[in-house]
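This is a predicted model, so every value here is computed, not measured. For the numbers below, each heavy atom of this structure counts, side chains included, while hydrogens, waters and symmetry mates do not. We name chains A, B, ... by the order of the sequence lines, and we start the count at 1 in each one.
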Amino acid sequence: AQSVTQLGSHVSVSEGALVLLRCNYSSSVPPYLFWYVQYPNQGLQLLLKYTSAATLVKGINGFEAEFKKSETSFHLTKPSAHMSDAAEYFCAVTRYGGSQGNLIFGKGTKLSVKP
Amino acid sequence: DAGVIQSPRHEVTEMGQEVTLRCKPISGHNSLFWYRQTMMRGLELLIYFNNNVPIDDSGMPEDRFSAKMPNASFSTLKIQPSEPRDSAVYFCASSFDTEITGGYGYTFGSGTRLTVV
């Protein structure tokens, strides 16, 4: 069975600083991995996804994530935080190939950006 | 495309009343998902449909909850009778999912914020 663990329910950075949101996954088969962002009072939006192609995945708004099989990690990064990045971020996993079925979400990490 | 459309955006109801939440998925998507989000429990999958057929409803909390998808463009989630602990944001999401090309990711609606008093 698949699962994801997001380390840190709340991360605070200064504007212009590096953003690093951590996600570790557990999967008995090669996974598909996703990052979603949720702005206040909105639904979740897909930031980026890993589907077994390049291990470094670039997404919207300058975010990227690197799939590291040896570390079972899929951390999300952005070189320079912007105030508009303040939101909650969710890592998710599903199994590679075949029907997506149940996309398993982490508990979420709330990102705050200080001026 | 207008995206996944949910209605109503907000619903306040009294305990014991029936509540119906509605969802219109993106045209052409063949999978539809209902999630519930609360501070305590985070995002929980309630049920998902593939080609209008319920595939997994193990997340539906009780018999008070029911979901239908009569056609590819409409789904409902019904709670009867409603209780204060059902207060949450309910999200609908849809995706295009095949046995070969899974991994497209979901498109979420804006959610329905349900308050049961």
Side-chain angles (χ1 to χ4, degrees), chain A residues 1-6 8-10 23 25 27 29-54 57 59-60 63 65 67 74 76 87-110, chain B residues 2-7 9-10 21 23-26 29-51 53-60 88-113:
Chain A
Q2 290 81 32
S3 66
V4 289
T5 302
Q6 291 183 242
S9 59
H10 194 186
C23 172
Y25 70 91
S27 179
V29 297
Y32 285 163
L33 292 158
F34 304 79
W35 276 100
Y36 284 81
V37 59
Q38 184 179 28
Y39 298 103
N41 300 315
Q42 294 187 27
L44 281 70
Q45 300 174 33
L46 182 64
L47 261 183
L48 51 79
K49 62 184 179 186
Y50 166 76
T51 56
S52 79
V57 181
I60 61 172
F63 283 94
F67 172 72
F74 190 59
L76 182 70
E88 190 158 18
Y89 293 80
F90 293 88
C91 183
V93 64
T94 189
R95 59 188 175 93
Y96 172 83
S99 175
Q100 277 192 63
N102 189 356
L103 193 62
I104 309 295
F105 285 91
K107 297 287 188 186
T109 297
K110 191 163 291 188
Chain B
V4 176
I5 300 173
Q6 290 187 247
S7 64
R9 285 298 308 273
H10 302 273
L21 311 181
C23 176
K24 177 179 169 53
I26 289 176
H29 281 189
N30 63 351
S31 292
L32 182 139
F33 308 82
W34 282 100
Y35 281 87
R36 177 171 69 176
Q37 186 179 36
T38 61
M39 291 289 290
M40 293 296 293
R41 301 171 71 94
L43 268 169
E44 304 173 274
L45 177 70
L46 300 177
I47 185 170
Y48 84 90
F49 296 85
N50 185 256
N51 294 322
V53 176
I55 303 299
D56 183 357
D57 65 354
S58 59
M60 297 284 264
V89 181
Y90 290 81
F91 288 103
C92 176
S94 70
S95 74
F96 179 66
D97 175 32
T98 73
E99 284 294 325
I100 298 173
T101 59
Y104 279 88
Y106 298 2
T107 301
F108 280 78
S110 296
T112 295
R113 183 174 295 276

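Closest heavy-atom contact between A:L44 and B:F108: O-CB, 3.3 Å.
Neither the backbone nor the side chain of A:Y50 has a heavy atom closer than 4.5 Å to any heavy atom of chain B. When heavy atoms are compared at a cutoff of 4.5 Å, B:Q37 approaches chain A solely by way of its side chain, counted from C-beta outward. Contact annotation for A:Q38: only side-chain heavy atoms (C-beta onward) come within less than 4.5 Å of a heavy atom of chain B. With a 4.5 Å cut-off on non-hydrogen atoms, B:R9 touches chain A through its side chain but not through its backbone.
Taking the six-membered ring where the residue is Trp, the centroids of A:F34 and B:Y106 are separated by 6.0 Å or more.
Taking 4.5 Å as the limit, some side-chain heavy atom of A:N41 sits within range of a side-chain heavy atom of B:R113.
To the nearest 0.5 Å, atoms OH (A:Y36) and OG1 (B:T107) are separated by 7.0 Å.
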